[in-house]
Each structure stands twice: as C-alpha cells, then as structure tokens.
Amino acid sequence: MESQRQHRLVVTEGPDTGRTYQLQGMVCTLGRASDNTIMLDSSRISRHHAQIRLLPAGAVIEDMGSTNGTFVNNRRLVEPQRLASGDVIRLADYVSMEYVAEELIRTEVLGSGSGRGGTQVIPEGPDYQPQPTVPAGGRAFDEPYQPPVSQEVVYEPYAPAVQYETPAPAAGPAPVRKRPRALYAVIGVLVVLLCLCIAAGVYLWFAPATFWERVFDLLGIPMPTGMLVNLASLLWL
C-alpha cells in the first residue's frame, strides 16, 4: 500500500477557462512548443516558458527564462519556488491556472481468514512532511523568497587634492618718499645767504667813496688815494 498525491492545474482565467491538466511524471513543462507537457499556443508565451518538478517534498515551479515572465500569486519568479495547493500561476498576461494537490485515499482488501470479506477504507493518517531539501545554492524551496538586500554605497564629497591659493591683489604704485623738512630749511638758508652775499657785493660795488673812507677809518687803515681815484673812475664810466 502506497500513499499517492494527485497534482493538477485548473485554468481560472484565459482560454479554456475551467480546463484541468493532470500533472504526471517527474517534470512537466509549459510553453508554446509542441514538445511541452502543456502546450499554450500564444505569441506571448515563450517556446519553453516554465516547468514544474514533482519532488517527494512537493511540487516546485521554475521559470525557464521566458520573455514575459512567470508569476505565482502575482509575484514574478526569479528562482525556483515550492508550490502550495491553491497557489495561482500566471504565464505572462495570457493564462492563469490554480495548482491543486490532493491526497488519494488508500484501500486495503481483507483476507478471507478474518471472517469478513470486502474492502475496508482506511483513512489517511497525518501526512509525513519530510524536511525540505536544501539545494546547492543554499535556500530551501519552501522558504519565501527574500530579495537580496542591496548595500547602499555612501559617496563622500569630493575634495581636491591640491589647494589653490587665491593670488593677492596687485599692489598699487609705491608711495613717494617725502624728503625731510630739514633739507628744505638748509636749502632755504643757503639761498638767503647767497642772496645777501649778492646784495652786499652789489652794494659794495656801487658804494660811494665816503663809505669806503668810513670803512678804512673803522679798521684804522689808511685809505690809499689811488684806490679812490680808481673807484671814482669806475663808477663814472
């Protein structure tokens, strides 16, 4: 006596709504090509769109790289996923099918030695749920798909390696150095003295003879008579 489970797909939306496909064998493929287990004639369906594998732990659906995608309960497949009875499978936007899994009732024929003949129906005990097999990738088929968490890259603000110095403003014309006032004072005194000397010379040059007589008297020097004659001649020339 063996426990058997029946797997089938029931079309809930699209062409042939209500049609039932029995899943038999280890692998059932769905696609547009004629070599598929379930052939769906539509350009929106890829040649080999998806496949369902019937494993001891349950049915597993996998997208075969289709163009328009395979969805389970409105969630697009990105890796194999285990199916539960009642899951809705949608291929592109063409057809939706409900996956149904049922346990078959076992029967046992009693022998004649028991005193009763006929067939006795033995209800199934609790289902044996084997531990999910973990594939080489590291995730069991019955675990919900968790999208990879993208690591946020923090970009630091760019800082130039070379610090450019702002050129200093051009200097204006050099200030004119002021000459000391003492220099101007000395020059002024020299000019005044020069003017006095020139005035004195002019005065002495044109001074009368009586002036020279007084000068020589003050100095106590006798005035030569020839000098007065020469001075008089020069003045009257």
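Just so you know, residue 1 is the first one in the sequence shown, and it goes up from there.
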Quiz prompt | Distance-minimising heavy-atom pair for Ala101 and His7 | solution = CB-ND1, 4.2 Å
Self-check item: Closest non-hydrogen atom pair, Ala59 against Ile52
Solution: CB-CG2, 4.1 Å
Side-chain heavy atoms of [X] within contact of [Y], under 4.5 Å:
X      : Y      : result
Leu77  : Glu62  : no
Ile61  : Val72  : yes
Glu98  : Ile89  : no
Leu193 : Val191 : no
Ser85  : Glu102 : no
Leu83  : Gln81  : no

Quiz item: Ion pair present between Arg44 and Asp93, side-chain N to carboxylate O less than 4.0 angstrom?
Solution: yes
Quiz item: Would you call Glu13-Arg90 a salt bridge at under 4.0 Å N-O?
Solution: no
Listed pairs under 3.5 Å, donor-acceptor, residues 15-27 side chains, sequence neighbours left out:
unit_1 : atom_1 : unit_2 : atom_2 : d
Thr17  : OG1    : Gly14  : O      : 2.6
Arg19  : NH1    : Tyr21  : OH     : 3.4
Gln22  : OE1    : Gln6   : NE2    : 3.3

Please answer: with hydrophobic residues joined when any side-chain heavy atoms are less than 4.5 Å apart, are [X] and [Y] in the same cluster?
X     : Y     : result
Met97 : Val60 : no
Leu9  : Leu54 : yes
Tyr94 : Tyr99 : yes
Val88 : Val95 : no
Leu91 : Val11 : yes

Practice problem: Kindly say whether Ile45 contributes a backbone atom to a donor-acceptor pair with the side chain of Arg32 at under 3.5 angstrom? | Solution: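 A pair under 3.5 Å: yes.
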Quiz item: So, does His49 use its side chain to make a donor-acceptor pair with the main chain of Asn68 at under 3.5 Å?
Solution: no
Quiz item: Atom CD in Gln51, atom CG in Leu30: separation rounded to 0.5 Å?
Solution: 9.5 Å
Quiz item: When rounded to the nearest 0.5 angstrom, what distance separates CZ in Arg47 from OG in Ser34?
Solution: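 Arg47 atom CZ to Ser34 atom OG measures 7.5 Å (nearest 0.5 Å).
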Quiz item: Residues in side chain to side chain contact (heavy atoms under 4.5 Å, CB included) with Asn36, at least two apart?
Solution: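 Once residues adjacent in sequence are excluded, the partners of Asn36 under the side chain to side chain contact (heavy atoms under 4.5 Å, CB included) criterion are Thr29, Ala33, His48.
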Practice problem: Mark yes when over 12 heavy atoms from residues, nucleotides or ligands other than Asp35 sit less than 6.0 Å from its CG; otherwise mark no. | Solution: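 Result for CG/Asp35: enclosed.
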